[in-house]
**Student:** 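One structure coming up, written as structure tokens, with questions to follow.
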Amino acid sequence: MSLSLRPLTENDHSTWIKVDEEAFGHPIPPERTELVRGLVEFDRTLGAFDGHQLVGATCVCSFTMTAPGGPIPVAGVTAVGVLPSHRRRGILSSLMTRQLNDIRERGEAVAALYASEAAIYGRFGYGRATDNLFFDIPTHGSAFVKHAPTDPSLRLRVVSPTEARSLFEKIFEAVLDSRPGLYARTQARWNVVLADHESDQGGAGPLRAVVVEDDEGPRGYALFRIRLSFTAHDVPDSELRLKELFGLDPAAYALLWRHVLDRDLVSRVKVAQRPVDDPLIHLLAEPRHLNAGWVDELWIRLVDVERALASRRYSAPVDVVIEVEDTVCPWNARRWRLSADTSGARCVPADEAAADLTLPVSVLGAAYLGGRPLTAPQAAGLVRESRAGAVRELSTAMSWAPAPWAGLVF
């Protein structure tokens with residue numbers, strides 16, 4: 001095998017799609033192909049060629065993502081795939097290593113991805129940074145607690161998803177800074193969110209939307225589909241599939257959920273993506289009816305530890321020397337002194353100082369957005385403490401509320 005790596009061009013797009021289809025084992029409809037083309041930054045793609053044959057590829061979407069304390073630039077890694085005929089030949093390792101070097105040269109300190117297989121990306125320094133809840137709620141068990149918030153000034157309005165797009169964009173922009181992990185959406189990304197071809201519907205009908213508003217303007221929205229169904233005895237048994245729901249305040253949020261849960265003919269509400277601290281957990285009088293499940297969501301890689309740690313804010317003062325283990329990005333593999341207080345953070349090389357704790361870069365990446373205490377990997381033997389209390393000090397400082405969550409696969 002004669003392997004070479006280079007960025008892809010628009011002329012490679014159709015071949016790239018075929019590689020992606022083969023690697024992931026599913027067809028990509030033509031309308032989806034065009035949506036994806038709108039997201040691609042070809043100068044941030046990378047293809048692996050065996051001679052003239054494209055056998056693997058990946059790309060990066062340039063994001064602004066909310067981190068603890070504010071927005072940072074993030075490299076959104078996606079569409080990583082290798083032809084099944086060329087597995088176990090080091091192609092994935094070549095692609096991922098080259099990509100991390102390219103990300104560093106571009107000046108981004110943090111990379112993020114959604115993992116198709118969780119076991120793959122830890123070896124490249126990515127850590128599981130956010131989690132995702134999914135719900136399967138029977139509407140008969142969806143009553144709220146007695147003191148659920150209400151606001152008589154709020155009203156609901158059923159809208160066309162296409163015609164109300166500007167309202168969704170305005171609301172999302174208002175919530176963007178409220179939770180680590182959320183990332184700014186381009187117009188091309190909104191095209192994907194609101195796509196409504198038959199292949200997008202999954203047998204659940206057209207995309208529907210409702211907006212909650214008051215006299216001052218929109219306060220939240222929900223996007224969903226309804227799969228209409230009746231039992232053999234003609235009892236309504238439809239399923240509502242929630243795509244996303246955002247509210248700007250507790251009362252707007254609660255009213256949107258009541259609309260979703262109280263739709264006529266609907267017996268179940270299925271929700272694929274919600275944060276682990278979703279307020280709905282506290283609104284339901286019987287939270288067991290959430291039938292909640294848990295899965296990993298966003299994986300974070302600190303490409304430049306020095307700049308990444310200095311770019312976020314911290315929940316408590318901290319002054320520690322961290323020894324980072326990183327075999328893929330050797331520029332990170334050294335000791336760093338992190339000092340932070342309410343005025344900001346500073347991270348500098350500290351090779352002459354004694355380490356307070358030692359950990360893999362993947363564990364540090366997992367903690368970066370504030371949702372992973374370091375005490376758990378310490379208990380698992382992945383973090384070694386040299387100064388008593390150092391792990392808890394750093395873990396407390398890196399913690400953040402609300403819990404991180406991206407909410408939209410890229």
**Student:** For residues 64-83, which residue pairs qualify under side chain to side chain donor-acceptor pair (under 3.5 Å), counting only residues two or more places apart or in two chains?
**Tutor:** none
**Student:** Just jot down the ring-ring contact (aromatic ring centres under 6.0 Å, His included) partners of Phe168, sequence neighbours excluded, or say none.
**Tutor:** Tyr221
**Student:** Answer yes when Arg372 and Asp131 have at least one side-chain N-carboxylate O distance shorter than 4.0 Å, and no when they do not.
**Tutor:** yes
**Student:** Using only atom types and a distance under 3.5 Å, with no angle test, would you say the side chain of Arg346 pairs donor to acceptor with the backbone of Ser339?
**Tutor:** no
**Student:** State whether Phe144 and Arg258 meet the cation-pi test: NZ (Lys) or CZ (Arg) under 6.0 Å from the six-membered ring centroid, and within 45° of the perpendicular axis.
**Tutor:** yes
**Student:** For Arg313, what residues pass the side chain to side chain donor-acceptor pair (under 3.5 Å) criterion, not counting sequence neighbours?
**Tutor:** none
**Student:** For a quick test of reading the model, state the closest non-hydrogen atom pair linking Leu369 to Pro68 and the distance between them.
**Tutor:** O-CG, 3.5 Å
**Student:** Can you name the residues that form a ring-ring contact (aromatic ring centres under 6.0 Å, His included) with His289, not counting sequence neighbours?
**Tutor:** His140
**Student:** Please name all residues satisfying side chain to side chain contact (heavy atoms under 4.5 Å, CB included) with Ala143, sequence neighbours left out, ordered by chain then number.
**Tutor:** none
**Student:** Would you check if there is a donor-acceptor pair between the side chains of Arg128 and Ser362 at a distance under 3.5 Å?
**Tutor:** no
**Student:** What I want to check is whether the side chains of Asp237 and Ser229 have a donor and an acceptor closer together than 3.5 Å.
**Tutor:** no
**Student:** Shortest non-hydrogen contact from Ser153 to Asp214?
**Tutor:** O-CB, 3.6 Å
**Student:** Restricting to pairs with a member in residues 390-410, which pass salt bridge (Lys or Arg N to Asp or Glu O under 4.0 Å), not counting sequence neighbours?
**Tutor:** Arg387-Glu393
**Student:** Please determine whether the number of non-hydrogen atoms from other residues, nucleotides or ligands lying under 6.0 Å from atom CZ of Arg227 exceeds 12.
**Tutor:** yes
**Student:** Among residues at least two apart in sequence or on other chains, which ones pass side chain to side chain contact (heavy atoms under 4.5 Å, CB included) with Ser386?
**Tutor:** none
**Student:** What pairs of residues pass the salt bridge (Lys or Arg N to Asp or Glu O under 4.0 Å) test when at least one of them lies in residues 170-179, not counting sequence neighbours?
**Tutor:** Arg179-Asp277
**Student:** Could you name each residue pair satisfying salt bridge (Lys or Arg N to Asp or Glu O under 4.0 Å) that touches residues 54-71, not counting sequence neighbours?
**Tutor:** none
**Student:** Among residues at least two apart in sequence or on other chains, which ones pass salt bridge (Lys or Arg N to Asp or Glu O under 4.0 Å) with Asp102?
**Tutor:** Arg98
**Student:** Of the options Asp326, Thr327, Asp304, which is the one that meets Asn332 in a side-chain hydrogen bond (donor to acceptor under 3.5 Å, both in side chains)?
**Tutor:** Asp326
**Student:** Any cation-pi pair here, Arg301 with Trp299, using under 6.0 Å and within 45°?
**Tutor:** no
**Student:** Side chain of Gln378, backbone of Val391: donor and acceptor closer than 3.5 Å?
**Tutor:** no
**Student:** What verdict does the side chain to side chain donor-acceptor pair (under 3.5 Å) test give for Thr9 and Asp12, after you've listed the backbone C-alpha separation in whole Å, the side-chain angles of each residue and the deciding distance to 0.1 Å?
**Tutor:** CA-CA 5 Å; Thr9 68; Asp12 297 312; 3.2 Å; yes
**Student:** Shortest non-hydrogen contact from Leu133 to Pro275?
**Tutor:** CD1-O, 3.6 Å
**Student:** Under the salt bridge (Lys or Arg N to Asp or Glu O under 4.0 Å) rule, what pairs show up with a residue in residues 106-124, not counting sequence neighbours?
**Tutor:** Asp43-Arg106, Arg44-Glu108
**Student:** How close do Tyr368 and Arg312 get, heavy atom to heavy atom, and via which atoms?
**Tutor:** O-NH1, 2.6 Å
**Student:** Parallel under 30°, tilted from 30 to 60°, perpendicular over 60°: which one fits the rings of Trp16 and His13?
**Tutor:** perpendicular
**Student:** Hey, does the Lys NZ or Arg CZ of Arg185 hover above the aromatic six-ring of Phe172, less than 6.0 Å from the centre and inside 45° of the axis?
**Tutor:** yes
**Student:** Tell me every residue that passes ring-ring contact (aromatic ring centres under 6.0 Å, His included) with Phe410, counting only those two or more places apart in sequence or in another chain.
**Tutor:** Phe63, Tyr114, Tyr183
**Student:** Heavy atoms only: give me the nearest Glu306-Val348 pair and the separation to one decimal.
**Tutor:** OE2-CA, 4.3 Å
